[in-house]
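Here the structure is laid out as structure tokens; the discussion comes afterwards.
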There are 2 protein chains.
Amino acid sequence: MRRKLTLKDIARELGVSISTVSKSLKNSEEIGRDTKEKVQAFAKLYNYKPNNIAVSLKNKHTKNIGVIIPDIVHYFFTTVFRGIEKYANSLGYNVIICVSDESFDKEVINTELLANGSIDGFIMALSGETQLKNDYRHLTEVTEQGIPLVLFDRVTDEIKCDKVLLNDTEIAFEAVSKMIKAGRKKIALLTTENFFNVSINRELGYRKALEEHGLAVNENLILRLPFNEQIDGIYPFVSNNEIDAVLAVNEIFAIHAMGILQSKGMKVPEDISFIGFTNGLLSKYASPPLTSVAQHGDRMGELAAKMLIERIEMNFVEGKEEDFRTEIIKGTLIERESTVN
Amino acid sequence: MRRKLTLKDIARELGVSISTVSKSLKNSEEIGRDTKEKVQAFAKLYNYKPNNIAVSLKNKHTKNIGVIIPDIVHYFFTTVFRGIEKYANSLGYNVIICVSDESFDKEVINTELLANGSIDGFIMALSGETQLKNDYRHLTEVTEQGIPLVLFDRVTDEIKCDKVLLNDTEIAFEAVSKMIKAGRKKIALLTTENFFNVSINRELGYRKALEEHGLAVNENLILRLPFNEQIDGIYPFVSNNEIDAVLAVNEIFAIHAMGILQSKGMKVPEDISFIGFTNGLLSKYASPPLTSVAQHGDRMGELAAKMLIERIEMNFVEGKEEDFRTEIIKGTLIERESTVN
DNA sequence: TTGATTTACGAAAACGGTTTCGTGTTAATA
DNA sequence: TATTAACACGAAACCGTTTTCGTAAATCAA
């Protein structure tokens with residue numbers, strides 16, 4: 001078990017000082033040609049790599065970014081994460097990821113853990129419980145310490161920071177309008193209890209579409225599933241209501257509802273249309289394939305990482321603050337066979 | 001922007017030495033009651049938290065574990081990761097994740113990046129390219145440095161380390177046997193080019209099942225899709241071969257093939273049966289729902305993390321080596337409507 | 001030859017902790 | 001009362017870097 005080579009080792013071996021070694025490896029002008037070459041050759045030969053931890057301690061930055069998301073087995077978050085990882089990696093940043101599991105406590109613990117020097121900045125989507133409790137002290141703590149933070153998808157106005165969001169309202173409006181124009185009149189909304197900003201906004205778009213097309217909003221056609229994935233609520237809902245279209249805030253709700261109604265003999269899209277959020281594998285491989293809104297997670301992740309890293313590196317030159325941006329990613333309605341044109 | 005409190009700050013404020021503060025916060029017996037209480041009260045009041053980086057540098061361990069997987073938008077890997085994260089977190093470890101994107105170079109870069117002090121140990125599933133190239137020098141490098149490593153799912157015999165695997169051969173055998181017993185005779189295998197240990201083993205189980213039940217292996221019924229997801233190859237294959245059952249090494253292949261054949265008028269499971277690996281959302285929500293082998297990613301991840309952390313903490317007491325374990329997780333055949341009983 | 005620069009390098013502080021060891025006080029013992 | 005042990009704390013080394021600053025030797029100008 002070879003121990004890792006340190007500057008001190010090289011210095012001893014070559015009979016020079018540690019500072020000379022350090023400077024040589026950085027190709028400093030201060031050091032003479034011969035010495036530099038000697039040191040560099042030695043370092044290459046024995047495959048010297050600086051100790052990240054020591055560098056981090058000295059330089060006060062870690063080149064790590066912390067990501068906290070509510071769930072990892074989840075198509076959308078996973079694509080966002082891919083976007084973050086790809087962009088961050090290309091700039092030499094590593095990603096430390098924690099999952100809050102939709103729990104407030106875990107979110108708090110994780111952010112405190114990471115905030116103590118492990119990372120240079122955070123990218124987060126709020127946990128369900130956090131949005132429910134509306135308690136963001138752990139986040140103000142973070143921002144007050146000057147740690148850059150960008151929130152995506154599940155955000156809050158309470159925290160002043162960079163944000164990246166989907167145009168939830170607009171795209172929900174677009175989706176519902178599409179179905180209305182195709183002649184649908186009894187359009188159901190499958191959503192979650194609305195302490196989520198995304199649920200609220202999508203519902204807003206849904207209502208607006210109905211209203212602008214002269215359709216009354218029937219509150220009975222809005223199903224708000226409780227937080228803990230009580231997908232079972234869908235069965236009685238779709239069984240007991242006469243509907244000819246469904247907008248669901250995720251693909252699971254949509255596919256599940258579609259399956260139920262198909263088994264009851266309804267034809268998709270002849271008798272009923274479906275549109276879901278999250279353009280994942282489920283949508284692609286359903287039968288019929290599901291029309292759905294692509295949230296462009298990769299793009300969101302990339303943008304979030306870009307904003308974060310800009311802010312991190314701005315801090316070095318003591319940039320100005322308070323000019324937080326919130327960027328909107330435009331969703332795309334991917335039309336498949338679960339709707340008619 | 002409040003700067004973080006350090007031991008030095010507390011020491012100065014309280015008129016004691018840094019060592020006294022440090023020891024007080026660890027509740028050392030060396031320090032008198034009053035002093036300890038004073039320090040602890042002050043620390044709590046101003047919410048002192050030690051700097052992780054400094055602690056890591058001093059203690060030579062980071063409480064971080066590095067995970068490198070080929071893909072993150074992938075049900076199985078994602079469940080494994082969840083298992084790792086949950087277990088690691090419960091023991092105070094954080095998880096740094098890198099995705100190799102099935103690329104050898106990225107895998108190498110990422111492992112080298114993390115190996116330089118950022119983590120205490122690795123959990124990895126090999127990238128496709130790595131298994132293809134059969135070049136594992138970056139891993140021997142890691143193990144030679146005494147960094148614990150556990151490989152899961154995509155492993156190699158070339159590296160001596162802890163491993164956790166699915167009983168691929170046995171469970172494939174079981175799956176195929178089930179279909180044979182239900183009267184299927186023309187069973188196709190949808191797999192990948194076999195530089196993957198998993199593909200090899202699953203094929204082994206497939207062949208063994210046929211042979212043990214007195215069925216000849218028809219090489220034409222084995223489709224090896226090239227590495228870069230050339231799922232398009234499935235269409236001509238299932239169109240041009242007469243088959244009554246399919247075993248696929250992942251759910252996407254299975255669902256895709258099922259969709260094609262259904263659109264050609266075949267009834268599932270009356271005319272043809274399907275079994276896939278990866279018991280994900282796709283399997284659950286397909287119509288009909290897909291019988292599939294659950295790989296118990298959560299359990300694999302938890303076990304991998306357990307083995308890794310045991311080895312990490314063993315190192316502290318200079319434990320013995322060379323007694324590497326490879327644990328086998330038993331897959332479970334989840335029977336749904338794509339097969340008959 | 002002398003003084004001023006430049007060159008090439010080393011000493012040491014710093015990052016923020018942990019830990020060993022030494023020491024001045026006080027309490028216990030002979 | 002003198003000796004020793006226990007107690008409570010501080011000084012300093014250390015982890016592996018980076019970086020500032022000081023300085024001896026070499027080079028230059030006068």
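Bear in mind that the values here come from a model prediction, so they are computed numbers and not experimental data. Lettering of chains follows the sequences in order, A, B, ..., and the numbering in each one begins at 1.
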| field | Pairwise side-chain contact, B:Leu149 with B:Ile159, heavy-atom cut-off 4.5 Å (strictly under) | value | yes

| task | List for me each residue that meets salt bridge (charged side-chain N to carboxylate O under 4.0 Å, His left out) alongside B:Glu129, sequence neighbours excluded, and say none if there are none. | result | none

| note | Which of B:Ile69, B:Asp153, B:Leu139, B:Thr130 passes side chain to side chain contact (heavy atoms under 4.5 Å, CB included) with B:Met124? Answer is B:Leu139

| field | A:Lys4 side chain reached by B:Asn116 side chain, heavy atoms, under 4.5 Å | value | yes

| request: State whether B:Lys49 and A:Glu141 are salt-bridged, where the test is any N-O pair (Lys NZ or Arg NE/NH1/NH2 against Asp/Glu carboxylate O) under 4.0 Å. | output: no

| field | A:Tyr46 ring center near A:Phe42 ring center (under 6.0 Å) | value | yes

| said: How would you summarise protein contacts on nucleotides 8-15 of chain D per nucleotide, using B for base, S for sugar-phosphate only and - for none, with heavy-atom distances below 4.0 Å? | reply: BBBBB-BB

| With a 4.0 Å cut-off, would you call A:Lys306 and A:Glu302 a salt bridge? | no

| Any side-chain heavy-atom pair from A:His61 and A:Ile312 closer than 4.5 angstrom? | no

| message | Below 4.0 Å from chain B heavy atoms, what is the first contacting nucleotide of DNA chain C and what is the last? | response | C:dC15 to C:dC21

| field | Pairs touching residues 10-21 of chain B that satisfy side-chain hydrogen bond (donor to acceptor under 3.5 Å, both in side chains), sequence neighbours left out | value | B:Asp9-B:Arg12, B:Ser17-B:Ser19, B:Ser17-B:Thr20

| Residues A:Arg311, A:Asp120: salt bridge by 4.0 Å N-O rule | no

| field | Short N-O contact, A:Asp323 and A:Arg325, less than 4.0 angstrom | value | no

| Where along residues 41-48 of chain B does a heavy atom fall under 4.0 Å from DNA chain C? | B:Tyr48

| task | Answer yes or no: is there an ion pair linking A:Arg154 with A:Glu102, defined by an N-O contact shorter than 4.0 Å? | result | yes

| message | Can you give me the bend angle of the helix from C:dT1-D:dA30 to C:dA30-D:dT1? Use the axis through the first five pairs and the one through the last five, nearest 10 degrees. | response | 60°

| Touch class at under 4.0 angstrom, heavy-atom based, for B:Leu25 against every strand present | nothing

